[in-house]
Amino acid sequence: MESLTWALNEAVTIGFGIIFLLYCFFYKLRRNGRKLKLPPGPRPWPLIGSLHLLGNLPHQALTRLANKYGSIMFLRLGSVPTVVVSSPAMAKEFLKTHDLVFATRPICAQGKYVCYDHKDVAYAPYGAYWRHMRKLLMVELLTVKRIDSFRFVREEEVSAMIASIWQESGHGAQCVDVKKRLSSLTQNITCRIFSSRTYSDNELSGGLGFKQMIDEMFAVAGAFCVGDFIPSLDCLDLQGIRRRMQAVQKIFDGFAEKIIDEHIHRRLEERKGKEGDRVKDMVDVMLDMAETEGHTISRVNIKATILDMLAAGVETSSTTVEWAMSELLRNPATLARAQKEIESAVGRDRQVKESDVMSFDYLRCVVKETFRLHPPFPLLIPHESMEGCNVGGYFVPPKTRLFVNVWAMGRDETVWKDAQQFKPERFMGCNKDVRGQDFDLLPFGTGRRGCPGISMGISVVELALAQLIHCFDWSVEGEVDVAEEFGLTVPRKNPLLVRPSWRLTVEYPI
Ligand code: HEM
Ligand SMILES: *[C@@H]1O[C@H](CO)[C@@H](O)[C@H](O)[C@H]1NC(C)=O
C-alpha cells in the first residue's frame, strides 16, 4: 500500500514535470517565432526559389527588386537563403557592425574545383587557414613598400601597351579594341609581379596557351553554376561546368608548378653568383619565407596565391580602365579637363611617370567616379553568415548568403545627386574615398574580407588611364553605349573600338 502511494506521488510529480517542460518548450518556440522575422522579399517558387528573377544581369535585377522590397531583402536562390543589401546604412550594419558574423564565404564549385578546395584567400572559409593566407598577403606581398618596388614594372608595361596600341592602329589609321590591350597589360603586370616575367602563348601544356587559360579561368569563375544553388542537381553536372573547372585547374596547376620549379632553379643559380641582383617577385618572397624558421608556406599556399592574384587582380583593373575610357569619350569636356591637368604638370614632350600621378587630383576623381558607376564586382564576392544575427530589426539565419549591391548604391538618387551622370567634379575638394571608410562607395568592399589589393589595383588603373589620355586623342564612330555584361566582373558588352592619334611632341613609340 505504501509503495502504491509512493508510485502515484511519483507519477504525479513526473507528469507535472513533463507538462512544465513542454510549456517551457512551446513558450520558447513562440518567442523565437516572434523574433524570427525575415527581411521582406519575393515569394519563392519550389526548387528554384527566386532564381528566375535574376536574369542575365543579376545586379540590375536585384536593384529593381530592392526598389520594391527595400534596402534589406531576403530571397531564396534555389535552396540558398540569401540576403541582399542595397543602402550605405545597411552595408555598414553588415560589413562593420556585424562584420565577423558575415566573414566567411560559402562553399561553391569554383572554390572546390578551381581554388584548391578553398585553399586560396578569396574563397577560404573564415578561420585559422584564411587568417594565415590573408596575413601573407597583407604583411608580405601587398604592402605599400612591396607594391612600390614594382613601380618600374608598371611603367614599362604601360609604355609597352601604348606602343602596342599605336602599332596595332597602323599609326592611327584604324580602330583598336582597347580592352584586348588592357587585358594583356594587366596580365603582363601581374605575371611580372609574381614571377618576374611574362608568359607567351606557346609555353603551356594541356592544349591551351596562357591567354586561353586565363580566359577559360575567368569564364568558369564567372559562370552561373546551378549546383551552387540547387545542391540536389550538383552531382549531375548538367552544364558540364565542373568538368571545365577541373580541366582548367589541371592546366593552371601545371603552370604554377613550373613557376615554382623555375624559381627554385634560378635561386640555386643565383646563389652560385651567376646572376646579378633583381627585384624579388612574390614567389621569391614566399620561397624565402618557406626557408625561414617560424613560417609555414607550402606549395599549395604559393599556387593558390598566384591563382588569386590572377583571378582578382587582372580583369578588375582592365575592366575599370575600359569603363573610364568609355565615360570620358561620352563626356568630351571631362576628357579635355583631365588631359589639361596632366599636360600642365608633365608637358607634351614626355610620357607620364607614376610619380607624376600623385598630383593629378582630377584624374583621381575620374577614377573614383568610374568606380561609383562601374564597380567591377557589383555584388562584391558573396559572404555567408556563420550564425544567426539580428540586423535592422530582422533576423538573418545562419548560413545565409550575403550580397552587397554596391552597384545599386552607386546609382541611387537618394545617395548621390545626379546619380546617373558621370561627374568627377563631385569628388573635388572632398575626402570621400574608395578605400572602405565611406559606405556609399565600396568598390573594394570593406572590413575583414575587404580587398587586400586596393593600392595595387588603383596604381595600375591610374597610370594606365593617365597614359592613354596623355599620349593619345581618341576618336570614335557613332555613340559610345554603356551596355553591360555579367561574368566574373561586369565589363562592357560591346567592345570599345577607338582610333588613336598621337598627341605628344616626342616621337611615337616604334
Ligand atoms: C580595380 C581593382 C580591384 C577591385 C575593384 C577589387 C575589388 C575587390 C572586391 C570587391 C573584393 C571582395 C570584397 C568583399 O567580399 O567584401 C575583393 C577581394 C579580394 N581581392 Fe580585390 N580588387 C581589385 C584588385 C585586386 C588586386 C590587384 C589583387 C591582388 C593582387 C586583389 C586581391 C583580392 C583578394 C585576394 C581578395 C579576397 C580577400 C578575402 O576574401 O579575404 N584585388 N577585391
Ligand atoms: C604582354 O607581353 C607580351 C610578351 O610576353 C607582348 O607580346 C604583349 O605585347 C604585351 N602586352 C602589352 C599590352 O604590352
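When reading the values below, keep in mind they use all heavy atoms of this one structure, side chains included, and skip hydrogens, waters and symmetry mates. Note that this is a predicted model, so its numbers are computed, not measured.
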Trainee: For Y116 and N301, which I'm curious about, is there any donor-acceptor pair between the side chains at under 3.5 Å?
Mentor: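 Short answer, no.
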Trainee: What's the shortest heavy-atom distance between I454 and C451, and which atoms?
Mentor: CG1-O, 3.3 Å
Trainee: Is there a side-chain contact between F152 and E354, using heavy atoms and a 4.5 Å cut-off?
Mentor: no
Trainee: Is it true that K368 and D438 make a salt bridge, defined as a side-chain N closer than 4.0 Å to a carboxylate O?
Mentor: no
Trainee: Does a salt bridge link D148 with K145, judged by any charged N lying under 4.0 Å from a carboxylate O?
Mentor: no
Trainee: Is the closest side-chain heavy-atom distance between T198 and R192 below 4.5 Å?
Mentor: yes
Trainee: Does S355 reach the main-chain N or O of K353 with its side chain, forming a donor-acceptor pair under 3.5 Å?
Mentor: no
Trainee: Which value, rounded to the nearest 0.5 Å, describes the distance between I162 atom CD1 and C471 atom SG?
Mentor: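 Output value for this atom pair is 4.0 Å.
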Trainee: Give the minimum heavy-atom separation between I147 and L141, together with the two atoms involved.
Mentor: CD1-O, 4.4 Å
Trainee: Restricting to non-hydrogen atoms, name the atom on W323 and the atom on V490 that form the minimum distance, rounded to 0.1 Å.
Mentor: NE1-O, 2.9 Å
Trainee: Under 3.5 Å, is there a donor on one side chain and an acceptor on the other for S196 and R278?
Mentor: yes
Trainee: Testing R266, K303, R299 one by one against D261 for a salt bridge (charged side-chain N to carboxylate O under 4.0 Å, His left out), which residue passes?
Mentor: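 Output: one option passes, namely R299.
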Trainee: Can E485 and K179 be counted as an ion pair, charged N to O under 4.0 angstrom?
Mentor: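 No.
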Trainee: Taking D177 first and then R181, would you say they form a salt bridge - that is, a charged N and a carboxylate O separated by under 4.0 Å?
Mentor: no
Trainee: Once rounded to the nearest 0.5 Å, what's the spacing between atom CD1 of I189 and atom CZ of F150?
Mentor: 11.5 Å
Trainee: Are the side chains of M409 and V415 in touch, meaning some heavy atoms are under 4.5 Å apart?
Mentor: no
Trainee: Do you see a donor-acceptor pair shorter than 3.5 Å between the side chains of D228 and Q110?
Mentor: no
Trainee: Are K272 and E269 close enough for a salt bridge, meaning some N to O gap below 4.0 Å?
Mentor: yes
Trainee: Is the distance between the ring centroids of F444 and F371 under 6.0 Å?
Mentor: yes
Trainee: For a side-chain contact (heavy atoms from CB on, under 4.5 Å) check, start with the C-alpha distance between L310 and F194, then their side-chain angles and the critical distance, and finish with the verdict.
Mentor: CA-CA 10 Å; L310 284 172; F194 67 70; 3.9 Å; yes
Trainee: Any chance the side chains of S317 and T186 put a donor and an acceptor closer than 3.5 Å?
Mentor: no
Trainee: Looking at side-chain heavy atoms only, is the closest gap between K211 and Y199 below 4.5 Å?
Mentor: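 Side chain of K211 against side chain of Y199, heavy atoms only: no contact under 4.5 Å found.
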Trainee: Report yes if some heavy atom in the side chain of L182 is under 4.5 Å from a heavy atom in the side chain of L468; otherwise report no.
Mentor: yes
Trainee: If you apply the rule side-chain hydrogen bond (donor to acceptor under 3.5 Å, both in side chains), what do you find for T63 with R411, and how did you get there?
Mentor: CA-CA 9 Å; T63 304; R411 289 166 187 248; over 6 Å; no
Trainee: Name each donor-acceptor pair under 3.5 Å that joins a side chain in residues 374-387 to protein atoms two or more places apart or in another chain, with its distance.
Mentor:
{"from": "H374", "atom 1": "NE2", "to": "E327", "atom 2": "OE2", "distance (Å)": "2.7"}
{"from": "H383", "atom 1": "ND1", "to": "F102", "atom 2": "O", "distance (Å)": "2.9"}
{"from": "E384", "atom 1": "OE1", "to": "K399", "atom 2": "NZ", "distance (Å)": "3.4"}
{"from": "S385", "atom 1": "OG", "to": "P397", "atom 2": "O", "distance (Å)": "2.8"}
{"from": "S385", "atom 1": "OG", "to": "K399", "atom 2": "N", "distance (Å)": "3.0"}
{"from": "S385", "atom 1": "OG", "to": "T400", "atom 2": "N", "distance (Å)": "2.9"}

Trainee: Which label fits W474 and F472: parallel for a plane angle under 30°, tilted from 30 to 60°, or perpendicular past 60°?
Mentor: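 Perpendicular, since the angle between the ring planes exceeds 60°.
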Trainee: Can you see which heavy atom on R449 is nearest to which on P125, and at what distance?
Mentor: NH2-C, 3.6 Å
Trainee: Check whether NZ of the Lys or CZ of the Arg R401 lies under 6.0 Å from the centre of the six-membered ring of F403 and within 45 degrees of that ring's axis.
Mentor: no
Trainee: What residue among V366, V352, L328, L329 forms side chain to side chain contact (heavy atoms under 4.5 Å, CB included) with I469?
Mentor: L328
Trainee: Supply the atom-to-atom distance T104 OG1 to L402 CG, rounded to the nearest 0.5 angstrom.
Mentor: 12.0 Å
Trainee: If every non-hydrogen atom of M358 is compared with every non-hydrogen atom of R364, which pair is closest and at what distance?
Mentor: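 Shortest heavy-atom contact: O-NH1, 2.9 Å.
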Trainee: Determine, stepwise, if the pair R503 / Q339 fulfils side-chain contact (heavy atoms from CB on, under 4.5 Å).
Mentor: CA-CA 11 Å; R503 72 189 279 280; Q339 284 178 317; 3.7 Å; yes
Trainee: Can you find a heavy atom in the side chain of L373 that is under 4.5 Å from one in the side chain of V482?
Mentor: no
Trainee: Is K432 salt-bridged to D440, going by a charged N under 4.0 Å from an acidic O?
Mentor: yes
Trainee: Does atom NZ of K119 have more than 12 heavy-atom neighbours from other groups under 6.0 Å away?
Mentor: yes
Trainee: Go through it in stages, so that I can follow the logic: the residues are V285 and R146, the test is side-chain contact (heavy atoms from CB on, under 4.5 Å), and I'd like the CA-CA distance, side-chain angles, deciding distance and then a yes or no.
Mentor: CA-CA 10 Å; V285 175; R146 183 84 56 201; 3.5 Å; yes
Trainee: Between the main-chain N or O of D288 and the side-chain N or O of D284, is there a donor-acceptor pair closer than 3.5 Å?
Mentor: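 Here the side-chain-to-backbone pair does not exist.
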Trainee: Measuring from atom CG of D99 to atom OG1 of T446, what distance do you get when rounded to the nearest 0.5 angstrom?
Mentor: 7.5 Å
Trainee: Restricting to non-hydrogen atoms, name the atom on A464 and the atom on V158 that form the minimum distance, rounded to 0.1 Å.
Mentor: CA-CG1, 4.1 Å
Trainee: Mind checking what makes side-chain contact (heavy atoms from CB on, under 4.5 Å) contact with T505, not counting sequence neighbours?
Mentor: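 R348, D349.
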Trainee: Could you give me the CA-CA distance, side-chain angles and deciding distance for H263 and S195, then say whether side-chain contact (heavy atoms from CB on, under 4.5 Å) is met?
Mentor: CA-CA 8 Å; H263 274 75; S195 193; 3.3 Å; yes
Trainee: I need the M213 CE to Q249 CD distance, nearest 0.5 Å.
Mentor: 10.5 Å
Trainee: Look at the aromatic rings of F224 and F229 and report parallel, tilted or perpendicular, splitting at 30° and 60°.
Mentor: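 The arrangement is parallel - the two ring planes meet at less than 30°.
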Trainee: Hey, does V434 have a side-chain heavy atom less than 4.5 Å from the side chain of I458?
Mentor: yes
Trainee: So, do K135 and R131 sit near enough that their side-chain heavy atoms are less than 4.5 Å apart?
Mentor: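 Sidechains of R131 and K135: no contact.
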Trainee: Looking at E257, I want to see if its CD is surrounded by more than 12 non-hydrogen atoms of other residues, nucleotides or ligands under 6.0 Å.
Mentor: yes
Trainee: Between E270 and R267 (salt bridge meaning N to carboxylate O under 4.0 Å), is one present in this structure?
Mentor: no
Trainee: Ignoring hydrogens and angles, tell me if any N or O in the side chain of E341 forms a donor-acceptor pair with the backbone of L363 under 3.5 Å.
Mentor: yes
Trainee: Is the number of heavy atoms from other residues, nucleotides or ligands under 6.0 Å of N56 CG greater than 12?
Mentor: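 Not buried by this count: 12 neighbours or fewer within 6.0 Å.
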Trainee: Going by atom types alone, do D308 and Y123 pair a side-chain donor with an acceptor below 3.5 Å?
Mentor: no
Trainee: Aromatic rings F210 and F255: how do their planes relate, parallel, tilted or perpendicular, breaks at 30° and 60°?
Mentor: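 Tilted.
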Trainee: Cation-pi check, R243 to Y113: give yes when NZ or CZ is under 6.0 Å from the six-membered ring centre and within 45° of the ring axis, no otherwise.
Mentor: no
Trainee: At what distance, to the nearest 0.5 angstrom, does NE2 of H132 lie from CG of L136?
Mentor: 6.5 Å
Trainee: Assess whether a salt bridge exists between E168 and K180, defined as any Lys/Arg side-chain N lying under 4.0 Å from an Asp/Glu carboxylate O.
Mentor: no
Trainee: Is it true that a side-chain atom of S359 and a backbone atom of D356 form a donor plus acceptor pair closer than 3.5 Å?
Mentor: yes
Trainee: For V139, is there any backbone N or O sitting under 3.5 Å from a side-chain donor or acceptor partner on T143?
Mentor: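 No, the answer is negative, given that no donor and acceptor are paired below the 3.5 Å cut-off.
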